[in-house]
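Residue numbers run from 1 in the order of the sequence given. Remember, it's a predicted structure, so these values are computed and weren't measured experimentally.
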Amino acid sequence: MTNISLKCHEFAEKLLFLRNIMERIMTKKEFIAEVQKSCHLDMQQCMSLTDTLQKMLGKAGVEQIPVLISGLGVFVSHKHPEYIQEDSSTGTMTLYPPRISYRMCTDEVEGSVSASLLLSEFSKVSEETAQSFLDGLVSAVNQHLAKGEEVQIPGIGVFKNIRTHQSDLWHLSYAPDPQLKDLVNNFLFFFKYL
């Protein structure tokens, strides 16, 4: 194989890999349609509640309020203070702003607040409607996890079951969506300088 044909072959393999990934990723509308089937709310209300859930988790993250979504876990945040770092080669000082990291844990967290209560307050819907939506969301997530698939909730994050090395047990892993991380840290920056 010539060098050019080898490069073309490698490029084709990468394109195939990316195409397979893109086929597995659901669009926001497809995911919301699955949630909507489980909670029996209309599509527009489900879309609106998903957007509100992202904003609510963002604000709770800034205020460091643990949020419990029954069936998934507790969303918690940790505020890292601002710091100054010196470049040893140039002596330049750089100020890094405060930031918040976001994660989910499956253990109970003291002081956690029910997501249905917060979501109903944020979205101006009844707590029953908020709970119905969250039950549908958890049901849709769990259906995909049971099939061994990872689930991406646009604006919220990615959920997947991973096996621990030590105990060979499975546990739920969560990685926040970059939009949620940006939202949390932009809220922090906005409130700090008001």
Side-chain angles (χ1 to χ4, degrees), residues 21 24-28 31-32 35 47-88 92-123 130 133-134 137-138 140-142 144-145 148-194:
I21 288 175
R24 288 183 301 186
I25 296 174
M26 289 184 289
T27 65
K28 182 176 184 175
F31 181 76
I32 299 303
V35 172
M47 292 286 271
S48 175
L49 286 169
T50 302
D51 292 341
T52 304
L53 178 63
Q54 179 198 32
K55 292 173 187 151
M56 185 233 9
L57 288 172
K59 187 152 179 17
V62 170
E63 296 175 4
Q64 296 186 297
I65 299 169
V67 178
L68 169 67
I69 298 181
S70 297
L72 280 183
V74 181
F75 292 81
V76 294
S77 61
H78 177 73
K79 184 176 178 183
H80 303 274
E82 64 187 10
Y83 65 96
I84 297 173
Q85 186 173 5
E86 181 179 358
D87 184 331
S88 58
T92 306
M93 304 289 268
T94 304
L95 173 65
Y96 290 92
R99 66 178 179 83
I100 293 178
S101 59
Y102 214 69
R103 65 184 178 87
M104 187 193 72
C105 57
T106 53
D107 299 328
E108 289 187 31
V109 174
E110 186 177 328
S112 60
V113 179
S114 164
S116 61
L117 177 66
L118 288 176
L119 188 58
S120 69
E121 290 175 6
F122 261 74
S123 61
F133 166 75
L134 290 169
L137 183 125
V138 169
V141 168
N142 286 331
H144 287 280
L145 292 175
E149 301 170 347
E150 72 177 37
V151 183
Q152 179 177 4
I153 303 175
I156 306 293
V158 177
F159 299 85
K160 63 182 171 181
N161 282 319
I162 60 172
R163 188 180 300 217
T164 57
H165 297 288
Q166 298 87 0
S167 62
D168 207 30
L169 296 174
W170 292 88
H171 75 277
L172 183 60
S173 166
Y174 166 73
D177 189 285
Q179 282 184 341
L180 181 60
K181 287 198 292 192
D182 289 345
L183 179 66
V184 167
N185 286 295
N186 288 339
F187 264 138
L188 175 68
F189 185 77
F190 179 74
F191 288 124
K192 178 178 171 134
Y193 296 102
L194 277 180

Determine whether F122 and L53 make a side-chain contact, defined as any pair of heavy atoms from C-beta on separated by less than 4.5 Å. no
So E150 and Q152, do their side chains get closer than 4.5 Å, heavy atoms only? no
Looking at V76 and P66, what are the two nearest heavy atoms and their distance? CG1-CB, 3.8 Å
Could you measure the distance from the CG atom of L118 to the NZ atom of K59? Nearest 0.5 Å is fine. 10.5 Å
If you measure from OH on Y102 to CG on D177, what distance do you get to the nearest 0.5 Å? 12.5 Å
Side chain to side chain, V67 and V113, heavy atoms closer than 4.5 Å: no
Identify, with sequence neighbours excluded, every residue that meets side-chain hydrogen bond (donor to acceptor under 3.5 Å, both in side chains) alongside S114. S116
Can you list the residues that meet the side-chain contact (heavy atoms from CB on, under 4.5 Å) rule with S123, with sequence neighbours excluded? L49, T52, L119, V125
Could you tell me whether the side chain of L137 reaches within less than 4.5 Å of the side chain of L72, counting heavy atoms only? yes
If you apply the rule side chain to side chain contact (heavy atoms under 4.5 Å, CB included), what do you find for V141 with I153, and how did you get there? CA-CA 9 Å; V141 168; I153 303 175; 3.8 Å; yes
Can you find a heavy atom in the side chain of L172 that is under 4.5 Å from one in the side chain of N161? yes
Closest approach of S77 to A60 (non-hydrogen atoms, all atoms of both residues): OG-O, 4.3 Å
Could you tell me whether a side-chain N or O of Y174 sits under 3.5 Å from a main-chain N or O of G73, the two making a donor and an acceptor? no
The single option from R103, M104, K181 that satisfies side-chain contact (heavy atoms from CB on, under 4.5 Å) with P176 is K181
Would you give the length of the straight line joining atom CE of M56 to atom CG of L117, rounded to the nearest 0.5 angstrom? 10.0 Å
Please identify each residue that fulfils side-chain contact (heavy atoms from CB on, under 4.5 Å) with N142, with sequence neighbours left out. V138, L145
On a heavy-atom basis, the closest approach of L180 and G58 is CD1-N, 3.9 Å
Between Q64 and K79, what is the shortest heavy-atom contact and its length? NE2-N, 2.9 Å
Hey, does T50 have a side-chain heavy atom less than 4.5 Å from the side chain of F31? no
Can you find a pair of side-chain heavy atoms, one from L68 and one from V74, that are under 4.5 Å apart? yes
Give a yes or no on this: more than 12 heavy atoms of other residues, nucleotides or ligands lie within 6.0 Å of atom CD of E108. no
